[in-house]
> 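Can you read through this structure? Questions will come right after.
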Amino acid sequence: MQSNKGKGLLKCLAIASLGLGLGLSAGVSHAAGEKFVMVSHAPDSDSWWNTIKNAIKQAGDDFNVTVDYRNPPNGDLADMARLIEQSAARNYDGLIADIADFSVLQKPLGTVVAKKILLVTINSGTLQQSEQLKAIMHVGQPEYDAGYGAGKRAKEAGIKSFVCVNHYAMNASSFERCRGFAEALGVDFKSSTLDTNGVDPGVIESKVSAYLRSNPKTQAVLALGPDSAPPAMRAVEKMGLKGKMYFATFDLSEEITKGIKDGSIQFAIDQQPYLQGYIPVAVMAIMKQQKITDLAKVKEILIANPKYQARLAEYGLTPIYGPRHISSGPGFVTKDNIAKVEKYAGQYR
């Protein structure tokens, strides 16, 4: 999600002509094998997705496939839907997409499956939505569980009230994060959720400040990612609450890392986005190259792959393998382990 968050080399002029005005970014692998495409909802300004872009490039290299990346420059979901339709028309071997809004994306993703193009969903959206779309699998973080786990940590610290700074209220998964945290504390998540109506940092800071002034007994702030965390942190600091307000966030960035190190952020919930890029490419490559559809066998081959093993070890990543879906998180980054992940934050973590 955050989205958590297109740059790259254009694969060819033909694709570029399709992407005019829709922010085409592509060409992350120079291999001559199968051709896949990832379409995300992320606007160009969303640096969180850089980790996923790096992951699909490395997966393309490791499995000898070409992977393009496409996104709507301003995060417009209607543009994302058109990019999916255009990708389906180009007959890729496989497509990867996040389910930013099921109602908007259901039809174009249905076209992908109808054309017998492999589909893997990632990041946002639910497992049920992924299965309804007939995707092979979903690779992401169970958002409610992540929020609940974070809320339990806050409750153990004595927190009884909070505000969830939701910068992407169009995404159902964002509410699952807020709801999980709230239910762990035993409070109503709706009254504790602040819709910032987008990612404008000035608006986020102003809304957080206004909420905290109107609700002075609020003990904690939960941000949903790098778009909302820094402006929310500025609001807290300007109100003289830095280091006094319990602050947690999803995902990592340079500013979030600094906050963890100086103690102004208690922890970040890490969904290991690298896995959301690498695993779908690897899974589809194995299915195509070895002509198998048995997911248990596919995962067995993936887990045994030495290049995959090396990537996990190098970046300190730990996926959770389910019967069908693969969870990329949650993990918690605190002062105790920040040094282990700081080296790769924003690149591979």
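Hydrogens, waters and symmetry mates are skipped; everything else that's a heavy atom, side chains included, is used. What you see is a predicted model; the values in this text were computed from it and never measured.
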> Does the structure place the NZ or CZ of Arg349 under 6.0 Å from the centre of the six-membered ring of Tyr315, at an angle of no more than 45° from the ring's axis?
no
> When you measure from the side chain of Asp76 to the backbone of Ala78, do you find a donor-acceptor pair of N or O atoms at a distance under 3.5 Å?
yes
> If you group Ile, Leu, Val, Met, Phe, Trp and Tyr by side-chain heavy-atom gaps below 4.5 Å, do Val281 and Leu295 land in one group?
yes
> Can Tyr308 and Phe63 be said to form a ring pair (Phe, Tyr, Trp, His ring centres under 6.0 Å), step by step?
CA-CA 10 Å; Tyr308 175 61; Phe63 287 87; 7.8 Å; no
> Between Lys307 and Asp61, does any NZ, NE, NH1 or NH2 come within less than 4.0 Å of an OD or OE carboxylate oxygen?
no
> Quick one: does Arg177's side chain have a donor or acceptor within less than 3.5 Å of a partner on Ala146's backbone?
no
> Donor-acceptor pair, distance only, cut-off 3.5 Å: does the side chain of Asp93 make one with the backbone of Lys288?
no
> Is it true that Arg153 and Glu156 make a salt bridge, defined as a side-chain N closer than 4.0 Å to a carboxylate O?
no
> Can a salt bridge be assigned to the pair Lys35 and Asp68 using a cut-off of 4.0 Å between side-chain N and carboxylate O?
no
> Please confirm whether the backbone N or O of Gly329 pairs with a side-chain atom of Asp145, one donor and one acceptor, at under 3.5 Å?
no
> In terms of side-chain geometry, is the basic nitrogen of Glu143 or Arg179 positioned less than 4.0 Å from the acidic oxygen of its partner?
no
> What residue pairs, at least two apart or across chains, pass ring-ring contact (aromatic ring centres under 6.0 Å, His included) with a residue in residues 178-220?
Phe162-Phe181
> Can a donor-acceptor pair be found, under 3.5 Å and without considering hydrogens, that links the side chain of Asn337 to the backbone of Lys340?
no
> Would you please classify the geometry between the Tyr344 ring and the Tyr348 ring as parallel, tilted or perpendicular, with 30° and 60° separating the classes?
perpendicular
> Check whether any side-chain N or O of Asn54 sits under 3.5 Å from a backbone N or O of Gln347 as a donor-acceptor pair, and report yes or no.
yes
> Give a yes or no answer on whether the side chain of Thr218 reaches the backbone of Ala220 with a donor-acceptor pair at less than 3.5 Å.
no
> Only one of Ser40, Pro108, Pro72 clears side-chain contact (heavy atoms from CB on, under 4.5 Å) with Leu83; which?
Pro72
